[in-house]
Amino acid sequence: MSETKTPALQYRFDGPEDAPVLILGPSLGTTWHMWDRQIPELSKNWRIFRFDLPGHGGAPAYPAGSVTELAGRLLATLDGLGVQRFGYAGCAFSGAIGIELALRHPERIASLAVIAASPRFGSADEFRQRGVIVRSNGLDPIARSSPERWFTTGFAAAQPAITEWAVQMVRTTDPGCYIAACEALAAFDVRAELSRIGVPTLVLVGSDDQVTGPAEARTLVAGIPDARLAVVPGASHLVPVEQPAAVTDLLIRHFSTAWQPAYDSTTGQMAIPAAPVKPVLAAPPQVGPIAEIAPPVVQPAVLGRPDPYDAGIKVRREVLGDAHVDRALASADEFSGDFQEFITRYAWGEIWDRPGLDRRSRSCVTLTALVAGGHLDELAFHTRAALRNGLTPDEIKEVLLQAAVYCGVPAANSAFKVAQQVIREETTPQE
């Protein structure tokens, strides 16, 4: 494969060659086999296209750092196969890919189903922390805890073979690709854009999903103009595996009745049918009001050199984490507020955002400088930042050993105590 071309995704087809194409996308840590029990029925009427995420299921390990990049790889794969228009159903991570396609390439999608998905998956800190765990411990801790996130307790106990299959899927995933996918989900946030999705959409969720549950599903339904909600009882996050018959039925009903016509190539227009009445596919439990979706913030036009503050706050959050930055900004008052603005604008917007060094290198320099200055409080949160920036515990140890030679043994001794505690906290999987 040429390195100048977009890496193709690993895929397979099922069903009649002349049928309309329906894409089924997997969740993070799974393979296309998560859809095996939907194939017999769906392939009667559709040409089913399944794909694996990079480094999953033996797929080539070409990490992709954003949902946008993965959507581009999927389209490039489809272009090479001559597939221009399709229905799309994606679970969790692949649900995000489907949302991205509906936003950026609506002409390609005839109908959309997003399963166990969200316009924002948890917090950026959660997924970057997961990346730290994998980088330090490998995928085994994530693999062993997957059944708890994916299945209800009763299903996991009653289906030990499926539970073990789930563990092995994660365990055999390429760690670098898994970490890159975590970074992609950390950066994914389309809450302010949902109203621009114009394709008919089914939002499907398990009633017991503790990862992206009914609340997140309702946020999607509230934001997407032509969306319907289906809540599947007795199912957790990997609902197509746990309740295959219910999911198959819902997908057949959706894609059979909500398939948007293609653009007219002679006029460049598309017939828009009357908005359908939203049917209730499954009665959702009574809950409080749906979370309000914030509109996009319109920034005033800036003449001349851009203010580095916006770039600074973005980089500062990516490196130090939302929780740390939120605490720092919340504690600022009239006395310290100017200083917080100063470091955001100049330390993070000017220096950390420069292209000359990558973030791993900047973390090495920063740790050394903090050891030299004896700034142990800042050393603690910059050790966390170094882990988030991709340094392993062994690499941090080497930085501190190097600092011991040039900054002094007493300074390095104190630094080792601080870093050891932080690394233990950050790399120990949560039970």
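Atoms considered below: every heavy atom in the structure, side chains included; atoms not considered: hydrogens, waters and symmetry mates.
- Under the 3.5 Å distance criterion, with hydrogens and angles disregarded, no donor-acceptor pair is assigned to the side chains of R384 and H324.
- No side-chain donor-acceptor contact under 3.5 Å links S111 to the backbone of W259.
- For D52, the side-chain hydrogen bond (donor to acceptor under 3.5 Å, both in side chains) test picks out Q10, with sequence neighbours left out.
- Counting only N and O atoms by type, the side chains of R135 and T392 include no donor and acceptor under 3.5 Å apart.
- Side-chain N or O atoms of S361 include none that pairs as donor or acceptor with a backbone N or O of L357 at under 3.5 Å.
- Annotation: salt bridge (charged side-chain N to carboxylate O under 4.0 Å, His left out) contacts involving residues 90-104, sequence neighbours excluded, comprise E100-R104, R104-E193.
- For H33, the side-chain hydrogen bond (donor to acceptor under 3.5 Å, both in side chains) partners two or more places apart in sequence, or in a different chain, are D36.
- One finds the OG atom of S27 at 9.0 Å from the CZ atom of R149 (value rounded to the nearest 0.5 Å).
- Among residues two or more places apart in sequence or in another chain, the side-chain hydrogen bond (donor to acceptor under 3.5 Å, both in side chains) test is passed with R73 by E69.
- Checked by atom type, the side-chain pair Y88/R108 shows no donor-acceptor distance below 3.5 Å.
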Between side-chain atoms of residues 365-377 and protein atoms elsewhere (two or more places apart, or another chain), which donor-acceptor pairs fall under 3.5 Å?
from: T366; atom 1: OG1; to: R362; atom 2: O; distance (Å): 2.7
from: T368; atom 1: OG1; to: C364; atom 2: O; distance (Å): 2.9

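- Judged by distance alone, the side chain of E164 and the main-chain N or O of A161 form no donor-acceptor pair under 3.5 Å.
- Between L28 atom CG and F121 atom CZ the span is 10.0 Å, to the nearest 0.5 Å.
- Side-chain contact of S363 with R360: a donor-acceptor pair under 3.5 Å is absent, judged by distance alone.
- Between the side chain of S207 and the backbone N or O of G234 there is at least one donor-acceptor pair closer than 3.5 Å.
- When only modelled atom types and interatomic distance are considered, R327 and S331 share no side-chain donor-acceptor pair under 3.5 Å.
- Between the side chains of T152 and E242, at least one donor-acceptor pair of N or O atoms lies under 3.5 Å.
- When all heavy atoms are compared, the tightest approach of V205 to G213 is CG2-C, 3.5 Å.
- Looking at H56 and W32, their side chains never come closer than 4.5 Å, going by heavy atoms from C-beta outward.
- Annotation: side-chain hydrogen bond (donor to acceptor under 3.5 Å, both in side chains) contacts of R345 (sequence neighbours excluded): D307, E341.
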- request: Test ring pair (Phe, Tyr, Trp, His ring centres under 6.0 Å) on Y11 and F49 and set out the steps.
  value: CA-CA 7 Å; Y11 67 90; F49 175 97; 5.4 Å; yes

